[in-house]
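Structure, as structure tokens:
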Amino acid sequence: MEGGGGSVTCGSWIRRPENVNLVVLAKSRTPNSVIEIFSFDPETTSLSPSPLARHELEESEGAPIAIVVHPNGDDFVCSTTSGVCKLFELYGHEANLKLSAKELFPLNDVCQQKCLAFSVDGARFAAGGVDGHLRILEWPSLRIILDEARAHKSIRDMDFSLDSEFLATTSTDGSARIWKAEDGVPVVTLARNSNEKIELCRFSKDGTKPFLFCTVQKGDKPVTVVYDISTWNKIGHKGLLRKPACIMSVSLDGKYLALGSKDGDICVVEVKKMKVWHWTKRLHPGTPIATLGFCPSQRVVLTTSGEWGAMVTKLNVPADWKEWQIYLLLIGLFLASAVAFYIFFQNSDSFWNFPSPSKQAARPKMELFGDPQSDDQWSPFEPLDM
């Protein structure tokens, strides 16, 4: 998709409060780059042919290089090649969407911010520069929590943990560090061997087992390494993409992990079994994938590249249970239990299942002691004198 001209540099899903999924795309072109918002049609798995809203950047602001959307779906931040970070706000509904922009003052006239991230709870914002400068800000007050000029040689990737407690960052020199998001205190530098370079990082998001996934280049062999965040020790690794990855993403519910390669392939992995369920080769032939993001409510991914633009791809993964299917299953189990109980009751010799009087008269009397004619002299409910 290259509507409107220009090369798509980055993009992201927007989960709106009214349960509508939109897509924001940034396009680099001469003389002015643009930010555009598109609607997403889940029935056809496609984006709208024309944007719902559009903003044109000033020529002096440069071309967009990164976009991150706030969890509330009302705001997003875009960084540019000129070192400018702009805050965009969305107003209105899909039929009448408005887009406004303003300066993000703590990040004006800084080095290019290649990595941007919001914490899961939306209370923290982090930006990492190509010069290795790391900043963590409180949101929306923009109070500076951390301003570390020498966090890394050059920041390559970053991600917040599900509980928003930790921030993981990786460097172009192969190192990775963990920071406390609340106060910016460094926690640990991840251990690695001399022949290993940690490149990308994503925390698990399923809320069960707290892991950190990292792509690691071990010599000429790319692997995905899993760290236990309670100890920050390695607990295993596996070759998934089988080629160097340039981007990684985790689905909103944490069930799937996606990797994009430098030559345009993507693979999607089920986190629970670390099994590849979907693999698309040459999705963006011969070009690195710049954006890789899961749709918030569908098993669909958004990918972008400078040459091939933006694409939405439906994943070949097991279908999720819908809410109405779960309720239908529960009702079915209840009815099956009721039928089973009724059949069991009808065929059992229950104490309360009294026989009819006619059947009682037909039963033979038990003659265990004495003369059967004396049965009427005994009462089964009175004491017997011995």
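Only a predicted model underlies this, so the values are computations on that prediction, with no experimental measurement involved. Heavy-atom basis, side chains included; hydrogens, waters and symmetry copies ignored.
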>> Hydrophobic clustering (ILVMFWY, side-chain heavy atoms < 4.5 Å, transitive) - are Leu107 and Ile144 grouped together?
In response: yes
>> Ignoring hydrogens and geometry beyond distance, is a side-chain donor-acceptor pair present between His133 and Asp147 at under 3.5 Å?
In response: yes
>> Tell me whether Tyr256 contacts the main-chain N or O of Arg299 through its side chain, where contact means a donor paired with an acceptor under 3.5 Å.
In response: no
>> Give me the atom names and distance for the closest heavy-atom approach of Ala181 to Ile136.
In response: O-CG2, 4.0 Å
> Transitively linked via ILVMFWY side-chain contacts under 4.5 Å: Val68 with Val84?
Replying inline: no
>> Applying ring-ring contact (aromatic ring centres under 6.0 Å, His included), can you list everything that pairs with Phe125, at least two apart in sequence or on another chain?
In response: Phe118, Trp139
>> Going by the rule side-chain hydrogen bond (donor to acceptor under 3.5 Å, both in side chains), which residues pair with Asp74 if we only count those two or more places apart in sequence or in a different chain?
In response: Arg16
> Which atoms form the tightest heavy-atom contact between Met158 and Leu134, and what is the distance?
Replying inline: CE-CD1, 3.7 Å
> Can you list the steps and then say if Leu190 with Ile178 is a side chain to side chain contact (heavy atoms under 4.5 Å, CB included)?
Replying inline: CA-CA 8 Å; Leu190 295 183; Ile178 308 298; 4.1 Å; yes
> What is the minimum heavy-atom distance between Ala310 and Leu25, and which atoms define it?
Replying inline: CB-CD1, 3.7 Å
> Are any non-hydrogen side-chain atoms of Asn32 and Leu57 less than 4.5 angstrom apart?
Replying inline: no
>> So does Pro51 get a backbone contact from the side chain of Ser48, meaning a donor-acceptor N/O pair under 3.5 Å?
In response: no
>> What verdict does the side chain to side chain contact (heavy atoms under 4.5 Å, CB included) test give for Glu89 and Leu99, after you've listed the backbone C-alpha separation in whole Å, the side-chain angles of each residue and the deciding distance to 0.1 Å?
In response: CA-CA 6 Å; Glu89 298 178 348; Leu99 184 62; over 6 Å; no
>> If the condition is ring-ring contact (aromatic ring centres under 6.0 Å, His included), which residues does His237 pass it with, not counting sequence neighbours?
In response: none
> Considering residues at least two apart in sequence or located in another chain, which fulfil the ring-ring contact (aromatic ring centres under 6.0 Å, His included) criterion with Trp13?
Replying inline: Phe40
> Salt bridge check: are Asp159 and Lys205 linked by an N-O gap of less than 4.0 Å?
Replying inline: yes
> Is a side-chain donor or acceptor of Ser79 paired with a backbone partner of Ile65 at a separation under 3.5 angstrom?
Replying inline: no
>> Can you confirm whether more than 12 heavy atoms, excluding those of Glu138, are under 6.0 Å from its CD atom?
In response: yes
>> Test your reading of the model: is there a side-chain donor-acceptor pair from Thr215 to the backbone of Leu200, 3.5 Å cut-off?
In response: yes
>> Could you check whether Asn21 and Ser297, counting side-chain N and O atoms only, form a donor-acceptor pair closer than 3.5 Å?
In response: yes
>> Test of understanding: clusters of I, L, V, M, F, W, Y form through side-chain heavy atoms closer than 4.5 Å, transitively. Do Ile198 and Val223 belong to the same one?
In response: yes
>> Would Lys86 and Glu58 count as a salt bridge (charged side-chain N to carboxylate O under 4.0 Å, His left out) here? Give the steps.
In response: CA-CA 12 Å; Lys86 295 187 76 71; Glu58 299 291 336; over 6 Å; no
> Ignoring hydrogens and geometry, is there a side-chain-to-backbone donor-acceptor pair from Ser7 to Ser28 under 3.5 Å?
Replying inline: no
>> For Asn193, I'd like to know if atom CG has over 12 heavy atoms of other residues, nucleotides or ligands within 6.0 Å.
In response: yes
> Please, which pairs that meet salt bridge (Lys or Arg N to Asp or Glu O under 4.0 Å) have at least one residue in residues 272-293, sequence neighbours excluded?
Replying inline: none
> Is there a donor-acceptor pair under 3.5 Å between the side chain of Thr291 and the backbone N or O of Gly11?
Replying inline: yes
>> Using only atom types and a distance under 3.5 Å, with no angle test, would you say the side chain of Arg202 pairs donor to acceptor with the backbone of Met248?
In response: yes
>> In the structure I gave you, are the side-chain heavy atoms of Leu283 and Thr313 within less than 4.5 Å of one another anywhere?
In response: yes
>> Regarding Lys243 and Asp263, does a basic nitrogen lie under 4.0 Å from an acidic carboxylate oxygen?
In response: yes
>> Any heavy-atom pair between the side chains of Cys201 and Phe213 that's under 4.5 Å?
In response: no
> Is there a salt bridge (charged side-chain N to carboxylate O under 4.0 Å, His left out) between Lys255 and Glu270 once you walk through the steps?
Replying inline: CA-CA 6 Å; Lys255 291 184 178 180; Glu270 183 186 8; over 6 Å; no
May I have the list of side-chain donor-acceptor pairs in residues 148-155 shorter than 3.5 Å, sequence neighbours left out?
from, atom 1, to, atom 2, distance (Å)
Glu148, OE2, Arg150, N, 3.2
His152, NE2, Thr169, OG1, 2.7
Ser154, OG, Val130, O, 2.6

>> Checking the side chain of Ser261 only, and the main-chain atoms of Gly264 only, is there a donor and an acceptor separated by less than 3.5 Å?
In response: yes
> Looking only at heavy atoms, what is the nearest atom pair of Pro64 and Ile35, with distance?
Replying inline: CG-CD1, 4.1 Å
> How far apart are the closest heavy atoms of Thr170 and Ala176, and which atoms are they?
Replying inline: CG2-CB, 4.0 Å
>> Looking at Glu56 and Arg29, is any side-chain nitrogen of the basic one under 4.0 Å from a carboxylate oxygen of the acidic one?
In response: yes
> Do Glu196 and Gln217 have side chains that get closer than 4.5 Å, going by heavy atoms?
Replying inline: no
> Taking C-beta and beyond as the side chain, do Val268 and Leu257 meet within less than 4.5 Å on heavy atoms?
Replying inline: no
> Can you name the residues that form a ring-ring contact (aromatic ring centres under 6.0 Å, His included) with Phe166, not counting sequence neighbours?
Replying inline: Trp232
>> Using the side-chain hydrogen bond (donor to acceptor under 3.5 Å, both in side chains) criterion, which residues pair with Lys197? Sequence neighbours excluded.
In response: none
> Side chain of Ser171, backbone of Ser175: donor and acceptor closer than 3.5 Å?
Replying inline: no
>> Hydrophobic cluster membership, with links at side-chain heavy-atom distances under 4.5 Å among I/L/V/M/F/W/Y: are Leu241 and Val271 in one?
In response: yes
>> Using side chain to side chain contact (heavy atoms under 4.5 Å, CB included), reason through Phe88 and Ile67 one step at a time and then give a plain yes or no.
In response: CA-CA 10 Å; Phe88 292 86; Ile67 281 181; over 6 Å; no
> Would a 4.5 Å heavy-atom cut-off, applied to side chains only, mark Leu302 and Leu292 as touching?
Replying inline: no
>> Taking Asn72's backbone N and O only, do any of them form a donor-acceptor pair with His70's side chain (distance below 3.5 Å, no angle check)?
In response: yes
> Applying side-chain hydrogen bond (donor to acceptor under 3.5 Å, both in side chains), which residue pairs with at least one partner in residues 119-131 are found, sequence neighbours left out?
Replying inline: Ser119-Asp121, Asp121-Ser164
> Is there any salt bridge (Lys or Arg N to Asp or Glu O under 4.0 Å) pair reaching into residues 170-195, and which pairs are they, with sequence neighbours excluded?
Replying inline: Glu165-Lys180
> For Asp41, what residues pass the side-chain hydrogen bond (donor to acceptor under 3.5 Å, both in side chains) criterion, not counting sequence neighbours?
Replying inline: Thr44
> How would you list, by chain and number, every residue that makes a side-chain hydrogen bond (donor to acceptor under 3.5 Å, both in side chains) with Thr9, sequence neighbours excluded?
Replying inline: none
> What's the verdict on side chain to side chain contact (heavy atoms under 4.5 Å, CB included) for Leu142 and Phe105, showing C-alpha distance, side-chain angles and the deciding distance?
Replying inline: CA-CA 9 Å; Leu142 301 182; Phe105 291 107; 5.8 Å; no
>> How close do Gly62 and Ser33 get, counting heavy atoms only, and between which atoms?
In response: O-OG, 3.8 Å
> If two hydrophobic side chains count as joined below 4.5 Å and joins carry through other members, does Val77 share a cluster with Ile14?
Replying inline: no
